Amino acid sequence: MPLLRQRSIILAKEEATEGTDASPTAAAHSLLAYDVQVNPIGERLARDPVRETLSPASILIGRRHYEVTFQTEAYHSGTADVASRLGALFKACGMSETITALSDVTYKPASSGHKSITIYVYRDGLVHKILGCRGTWELILQAGHPARLNWRFLGKYQEPVDAAVPTPTLEANVLAPPKALAASLTFNAITTFVVQQLQIVLGNALAVRPDINDTHGVAGIAITNRAGAGSFNPEAVVNATYNFWQDWINSTLRQISAQVGSATGNKLLVTCPKVAVDQIREAEREGILVFEIPFSLAFNAGDDEVSLKFS
């Protein structure tokens with residue numbers, strides 16, 4: 001019988017020790033995910049010794065690791081000061097988690113103490129167990145749509161093994177994710193821009209650490225830098241309303257923020273305190289002139305170029 005792609009589930013759990021299987025369970029660590037991709041990446045070693053023939057020599061596969069990509073919706077746990085299962089993913093993307101009693105759970109970038117996670121991906125009779133995962137994310141808020149997170153993780157290689165797909169238990173709010181409606185998008189304290197989409201990219205640099213002592217040649221994955229960025233696409237306005245051109249040529253730093261959701265326990269406020277306009281491109285949306293504005297994130301006091309507050 002063929003293996004069916006749709007019969008897949010993904011689990012993720014924070015590791016107590018980096019690279020040691022955290023043994024996530026379907027009951028406690030299942031994620032509702034979309035477009036799950038599991039890609040083994042092997043170093044392809046070409047061999048071209050001198051020989052009596054022009055026929056190619058066989059290759060070897062050297063160091064190997066995994067890349068895992070998937071999407072989730074940006075939901076909260078249902079209780080303002082309780083982290084959802086997405087918290088393990090944020091922490092493995094080099095973010096700190098701060099819980100304020102009776103109020104919120106906030107994630108900000110961190111420059112040290114990065115956690116790692118174990119990811120299991122079940123594929124209709126196979127399971128990939130990927131250890132020591134660290135990654136990065138992209139947040140997309142599109143008008144009328146649930147807030148979406150695109151995740152990319154790298155982790156250590158293990159050969160998949162045969163295993164039945166377990167029955168997952170999901171968090172309640174995954175079936176009612178907050179949507180980008182009444183989002184109060186604010187740029188430089190102005191709330192009147194008509195914007196179809198806001199995108200924020202954490203921009204972690206992920207380094208694969210070669211190691212001759214490791215069975216697969218990789219000691220682990222490290223987050224070595226960040227280059228946060230984003231974009232939004234307001235309807236074009238005249239300079240008297242707002243002058244994006246002056247922001248651009250002067251590299252003036254502005255704040256941008258938006259909130260999705262209104263129910264306690266299922267809200268997300270995203271804030272970037274310092275953004276610099278990189279470019280202003282003209283486009284159109286159903287005949288309406290719009291500005292496509294990519295921007296770069298900058299720090300305010302440090303490790304604060306983006307904040308995700310769930311409440």
Side-chain angles (χ1 to χ4, degrees), residues 2-3 5 8-24 29 31 33 35-71 88-95 109-138 150-163 165 201-227:
L3 303 187
R5 180 177 178 80
S8 301
I9 68 167
I10 183 169
L11 320 177
K13 183 181 179 182
E14 182 179 332
E15 295 174 342
T17 302
E18 179 184 349
T20 299
D21 195 340
S23 301
H29 306 104
L31 301 171
D35 193 23
V36 179
Q37 305 284 341
V38 183
N39 301 311
I41 298 174
E43 184 183 24
R44 189 178 185 277
L45 305 175
R47 302 167 64 239
D48 193 22
V50 294
R51 53 198 180 277
E52 78 288 357
T53 175
L54 296 179
S55 298
S58 62
I59 66 159
L60 298 174
I61 299 298
R63 300 192 308 265
R64 49 233 182 234
H65 64 279
Y66 267 116
E67 178 187 56
V68 185
T69 61
F70 56 95
Q71 299 175 8
L89 305 184
F90 285 120
K91 288 189 280 185
C93 289
M95 303 191 80
S111 293
S112 62
H114 302 153
K115 304 298 185 181
S116 61
I117 55 174
T118 294
I119 295 176
Y120 285 7
V121 179
Y122 285 89
R123 292 291 207 196
D124 196 14
L126 287 173
V127 61
H128 299 268
K129 297 184 177 183
I130 308 159
L131 311 184
C133 295
R134 291 192 171 102
T136 191
W137 53 258
E138 171 193 41
N150 296 326
W151 304 92
R152 176 177 179 259
F153 289 95
L154 301 183
K156 299 191 68 173
Y157 177 81
Q158 289 190 107
E159 187 172 301
V161 296
D162 292 348
V165 179
V201 178
L202 181 60
N204 282 340
L206 304 176
V208 180
R209 301 166 55 213
D211 183 9
I212 61 174
N213 294 313
D214 184 79
T215 303
H216 300 290
V218 173
I221 309 300
I223 298 171
T224 58
N225 209 344
R226 288 192 305 271

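Everything numeric here is computed off the predicted structure, so don't read it as measured data. Side chains included, hydrogens not; waters and symmetry mates left out as well; all remaining heavy atoms used.
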Please check this pair: side chain of Arg226 against backbone of Ala110, looking for a donor-acceptor N/O pair closer than 3.5 Å. yes
Would you tell me whether [X] and [Y] have side-chain atoms, one donor and one acceptor, within less than 3.5 Å of each other?
X      : Y      : value
Tyr66  : His128 : yes
Thr136 : Arg152 : no
Glu15  : Thr118 : yes
Asp214 : Tyr157 : no

Hey, are the side chains of [X] and [Y] touching, using non-hydrogen atoms and a 4.5 Å cut-off?
X      : Y      : result
Asp124 : Arg5   : no
Ser8   : Val165 : no
Lys129 : Pro160 : no
Thr20  : Leu131 : no
Arg51  : Thr53  : yes
Leu3   : Leu126 : yes
Thr69  : Phe153 : no

Among [options], find the one that has a side-chain contact (heavy atoms from CB on, under 4.5 Å) with [X].
X      : options                   : result
Leu31  : Ile10, Leu11, Val36, Ile9 : Ile10
Arg134 : Ile221, Ile117, Asn204    : Ile221
Ser116 : Glu18, Glu14, Lys91       : Glu18

When rounded to the nearest 0.5 angstrom, what is the spacing between [atom1] in [X] and [atom2] in [Y]?
X      : Y      : atom1 : atom2 : value
Ser58  : Arg47  : OG    : CZ    : 4.5 Å
Lys115 : Cys133 : NZ    : SG    : 16.0 Å
Lys13  : Asp21  : NZ    : CG    : 9.0 Å

Measure across [X] and [Y] and return the closest heavy-atom pair with its distance rounded to 0.1 Å.
X      : Y      : result
His114 : Ser111 : NE2-C, 3.6 Å
Val208 : Pro210 : O-CD, 3.1 Å
Ile130 : Gly155 : CG2-CA, 3.8 Å
Gly42  : Ile61  : CA-CG2, 4.0 Å
Arg64  : Thr215 : NH2-O, 3.8 Å
Trp137 : Met95  : NE1-SD, 3.2 Å

Evaluate whether atom CD1 of Ile212 has more than 12 neighbouring non-hydrogen atoms of other residues, nucleotides or ligands under 6.0 angstrom away.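 Count not over threshold, so no.
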For atom CD of Gln37, decide whether the heavy atoms of other residues, nucleotides or ligands shown that lie under 6.0 angstrom number more than 12.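 Atom CD in Gln37 is packed in, count exceeds 12.
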Please determine whether side chain to side chain contact (heavy atoms under 4.5 Å, CB included) holds for the pair Val121 and Val127, giving the CA-CA distance in whole Å, both sets of side-chain angles, and the decisive distance to 0.1 Å. CA-CA 6 Å; Val121 179; Val127 61; over 6 Å; no
Between Asp211 and Val218, is the side chain to side chain contact (heavy atoms under 4.5 Å, CB included) condition met? List the steps. CA-CA 5 Å; Asp211 183 9; Val218 173; over 6 Å; no
Side chain to side chain contact (heavy atoms under 4.5 Å, CB included) between Leu45 and Ile59: does it pass, once the steps are laid out? CA-CA 6 Å; Leu45 305 175; Ile59 66 159; 5.9 Å; no
